[in-house]
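Predicted model, so just to flag it, every value in this text is computed and none were measured.
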Amino acid sequence: MNAIKNQKKKSAAKRKKGTPPSWTARFIPSFSGADGGVLGTLFLLLVLLVLSALAGADFSSGPRLYLEGEIADRDIMADREFLVENTRATRIKRKQAAAAQPQVFDLTDDSYEQLEQDVYQVFETLNTAPVAELEDVRWSIAEDLNAEIGVSTFQRWRREDFQNLVLGRVLPWMKSYLGEGVVRESAALSRYDSGILVRNRVSGIESLRVDTSSVADFDVMHRALTRFLKGELKKPLVVRRDIWTLVGPLTKPSLTLNAQESAELRRQVMQAVEPVYFHVREGEIIVRQGEAVSEAQYMKLKAMIADTPQTYGLGRAIGIFVLSALLVMGVIMCTRFGLCRDLTGRDLVLVSIVLLLFGGVAKFLSLLDAPLALSAGAWTRDILPYCLPLAGASGVLALFFPYAVCFYATIILALVSTWMFGGHLPLFTFYFLGGMFEMFLIKNSHTRYELLRSVFPLLGGLLLAWSGAAIVEARDIWAIGIGSVYVIVSGVTSLLLVLALSPIVEFFLGFTSRFKLMELMNLEQPLLQELMVAAPGTYHHSLVVSNMVEAGARAIGANPLLAKVAALYHDIGKITKPQYFIENQLSREKNKHDKLTPSMSALILISHVKKGVELARAHKLGSEIEDIIQQHHGTTLISYFFHKAKEQAEARGEEDVREEEFRYPGPKPQTKEAGLILLADAIEASSRVLSDPTPSRIKGHIETVIKRIFSDGQLDESELTLKDLHHISDVFHRILTGIFHQRIEYPGTAQPKPEPQAHAECPHCAAREKDDAPAIPVATGKPESADKAPKKEQPKAAASKKDSADKADKLEKAPEREYTLDMSGRLIMGRDGEGGPQLKFTKTRLGSQ
């Protein structure tokens with residue numbers, strides 16, 4: 001007991017001090033604590049502030065800008081050839097083009113459809129109204145039409161021949177006439193000198209009507225309807241008046257102005273108008289000394305100075321910082337919505353260092369462009385930014401972070417670097433595409449040799465991106481050739497930086513790259529080879545657990561490679577004392593725990609976690625794997641030896657055993673990968689004692705173990721959700737069902753008679769049964785004195801075997817009745833002495849209790 005207490009005290013003191021095993025905490029301990037994420041975020045924002053300040057600073061001086069009317073004190077000569085837009089002439093030209101653009105009118109059938117509906121409504125009201133209410137109906141219709149309706153007119157409306165005339169002849173004529181386009185007043189169209197553009201919404205046909213006087217309005221339509229009724233239908237005046245009294249107020253214009261479309265069309269026309277430029281040639285005197293600056297000269301000076309960097313641009317620095325901070329918010333949102341794992345303080349520190357390093361290189365190169373421009377030609381100033389190995393930053397980050405983090409970090413670096421060089425969209429696009437190329441190549445490279453070979457597709461992608469940027473910038477063949485050399489230098493340097501920086505990051509910051517994980521996953525690793533020889537059962541168990549956690553990690557969005565590698569090494573601490581773990585014990589061997597007290601057995605089991613961390617640190621497996629080894633049991637209870645110690649204490653009349661003394665020191669799993677390994681380790685170990693492992697029993701076993709671990713609070717700090725546990729349960733069930741799959745019985749094979757199952761709950765007992773070794777008593781969930789007085793352990797295995805056979809015979813001879821599955825009080829001893837419910841039927845007859 002004292003040994004366990006001392007071990008617990010040491011572990012608790014170690015956690016209280018916060019002494020981490022990785023290089024990260026040794027060099028930057030403040031970022032590894034509870035507030036590491038906040039400090040890391042602040043450090044990242046500080047780095048972005050520094051980079052923004054560097055991007056806003058420019059140490060080159062340009063010519064002075066004279067205002068309009070000011071007297072120049074020196075001659076100003078154009079240092080290059082450029083075009084200057086004459087804004088006044090351009091504005092006048094565009095206004096003229098917009099004024100000449102015709103207005104857009106929509107021609108629709110909506111007006112006739114509404115007219116037809118209203119006429120039918122009026123007639124229906126007239127025909128269905130009671131005679132006593134006709135007067136009220138007449139006044140109601142008059143109010144709706146906003147016209148006076150006489151009694152005689154109202155009576156004629158109710159006549160069937162009148163209604164047939166309106167519906168059969170007048171409305172079809174109105175439909176045809178409105179289809180040509182009718183406005184309310186044609187005089188309003190006279191101000192459109194360029195005519196109107198009629199857009200038929202039904203057919204989609206557009207037609208230009210230059211002569212707006214030919215467009216009919218309501219007065220013209222009224223006269224045309226009168227001629228139709230008088231000339232073709234021979235209707236008297238009173239009928240013609242009654243018809244117009246009805247349809248006139250209900251008619252709406254079929255040709256209406258579309259102000260939004262007209263404005264959009266004018267805007268498009270104005271944008272299509274080419275600006276008016278001043279052509280300034282290199283060496284041209286823009287302003288002479290002693291001369292008053294004119295408006296045209298002011299515009300030329302302003303255009304030339306606009307492309308000349310200022311000494312410091314505060315607004316530009318603030319803008320870059322705001323945009324970069326918003327991109328950091330994008331990373332945070334990705335973690336919130338599960339697109340990538342949560343970033344720790346150490347992760348943010350690495351991202352910040354990479355941003356600062358490559359941003360500093362970009363600033364250094366930007367300071368060299370002016371001297372190089374004077375010595376090697378003016379084209380160097382524009383092409384030099386393309387030799388920046390920015391793709392290397394994305395490659396370094398791709399070794400340790402998911403796609404989302406690399407994506408946003410690449411955008412931030414591309415934005416900052418582009419502004420440092422004073423570049424534009426083509427340069428930004430080149431940086432971004434180069435970073436994306438490198439990121440995807442790194443993610444798909446499984447060895448460092450494949451990484452070296454990735455330089456060829458990287459150079460191909462960079463050269464294509466440079467070709468596109470050069471075409472957009474209208475560069476000549478000579479500049480494209482020189483730029484290609486710069487781009488090749490950028491690609492090769494990027495790869496060299498990835499190879500050089502990755503081991504530095506692994507060594508100083510404690511990260512584990514994908515390549516290192518792939519190397520550790522090789523089963524020829526010395527540590528795994530030693531595990532296979534010294535503890536073959538543990539080795540096989542680790543292989544199965546690694547397959548389980550890899551599939552589980554893919555199902556819940558965790559890191560499958562890290563989970564698989566950590567699962568391979570999670571039990572390496574058992575190398576020191578392999579025979580004290582049941583999976584490594586041969587059936588003919590006696591259990592070494594038989595001669596130990598439960599507290600000493602528990603201490604040996606607990607020690608394999610500490611030994612595993614020490615071995616991982618000695619073999620430099622990486623902090624992530626060290627942490628998972630330390631957390632893969634959490635603070636779970638070693639149930640078997642706890643209950644055994646409790647029974648012994650009760651039998652001797654001693655005080656109760658403290659449960660805390662039989663728990664692993666922890667800490668609890670802190671990541672999804674560690675939680676996965678804890679679940680897979682417990683489920684795989686305890687599934688070995690399942691008798692007749694059918695898919696349903698395996699599923700019930702998995703759910704029982706997950707529920708027990710979840711209820712014990714072991715997953716509280718692992719970020720695993722209930723949805724994740726559901727996916728994990730399904731994946732584990734599929735894998736274990738495949739492992740315990742049924743095979744067909746081949747003809748002529750004899751089926752051995754099953755051995756007695758007296759102690760099937762405990763694999764230690766089952767192993768000793770074969771060698772007539774004494775069995776470890778199994779906890780039944782109730783004191784032994786409840787049935788009989790405590791007995792001394794039988795010195796011979798024959799007695800135990802005989803009792804087991806008698807119990808088995810009784811179970812076999814029992815009549816078939818309905819049973820229930822009782823898992824309470826039954827414990828099994830797993831690979832690490834952890835107890836769990838036995839899923840084999842402990843049969844209880846229904847109704848017999």
Side-chain angles (χ1 to χ4, degrees), residues 58 60-104 191-197 206 208 210 258-310 313 315-316 319 373 378-379 381-383 418-419 421-429 468-476 479:
D58 197 328
S60 62
S61 61
R64 178 186 171 186
L65 176 63
Y66 294 99
L67 300 179
E68 184 178 355
E70 189 176 356
I71 304 300
D73 58 357
R74 58 176 177 170
D75 293 342
I76 298 181
M77 182 184 300
D79 58 354
R80 63 189 180 279
E81 184 178 1
F82 60 94
L83 297 177
V84 182
E85 182 181 352
N86 188 341
T87 55
R88 176 180 294 181
T90 302
R91 185 167 55 253
I92 294 174
K93 185 178 179 181
R94 288 175 176 174
K95 284 184 177 180
Q96 292 174 352
Q101 177 63 32
Q103 298 291 321
V104 178
R191 64 177 182 270
Y192 304 134
D193 298 334
S194 302
I196 62 175
L197 182 64
E206 296 181 354
L208 178 64
V210 180
N258 191 330
Q260 184 176 359
E261 290 286 343
S262 301
E264 177 64 21
L265 190 59
R266 287 197 303 272
R267 186 185 65 81
Q268 294 176 2
V269 171
M270 292 176 67
Q271 288 182 348
V273 174
E274 290 291 335
V276 180
Y277 291 101
F278 293 116
H279 188 189
V280 180
R281 301 183 181 276
E282 184 177 359
E284 177 183 343
I285 302 297
I286 299 178
V287 178
R288 295 188 180 274
Q289 182 179 2
E291 185 181 29
V293 178
S294 65
E295 180 183 2
Q297 292 172 331
Y298 168 73
M299 287 189 294
K300 294 177 183 179
L301 283 175
K302 185 178 180 181
M304 185 178 66
I305 296 175
D307 292 336
T308 303
Q310 301 177 359
R316 180 171 57 192
W379 49 265
R381 183 184 183 94
D382 296 332
I383 302 179
T418 301
W419 275 108
F421 285 106
H424 299 288
L425 183 60
L427 181 60
F428 171 82
T429 306
I471 293 173
V472 171
E473 295 174 344
R475 298 185 183 273
D476 55 21

To the nearest 0.5 Å, what is the distance between [atom1] ([X]) and [atom2] ([Y])?
X: Arg94; Y: Gln271; atom1: CZ; atom2: CD; answer: 8.0 Å
X: Arg91; Y: Glu85; atom1: CZ; atom2: CD; answer: 9.5 Å
X: Glu68; Y: Lys302; atom1: CD; atom2: NZ; answer: 11.0 Å
X: Leu83; Y: Arg281; atom1: CG; atom2: CZ; answer: 9.5 Å

Kindly give the heavy-atom pair with the smallest separation between [X] and [Y], and that separation in Å.
X: Pro102; Y: Gly195; value: CB-O, 3.4 Å
X: Gln297; Y: Glu291; value: NE2-OE1, 3.4 Å
X: Leu208; Y: Ile196; value: CD1-O, 3.3 Å
X: Ala479; Y: Ile383; value: O-CD1, 3.5 Å
X: Ala292; Y: Gly69; value: CB-O, 4.3 Å

Can a donor-acceptor pair be found between the side chains of Gln260 and Glu264 at a distance below 3.5 Å? no
Contact between Glu261 and Leu197 at the side-chain level, heavy atoms closer than 4.5 Å - yes or no? no
Run the side-chain contact (heavy atoms from CB on, under 4.5 Å) test against [X] and tell me which residues pass, sequence neighbours left out.
X: Val269; answer: Ala97, Gln101
X: Ser262; answer: Gln103, Val104, Leu257, Arg266
X: Met299; answer: Val84, Asn86, Thr87, Phe278, Glu295

Are there over 12 heavy-atom neighbours, none belonging to Arg88, within less than 6.0 Å of that residue's CZ? no
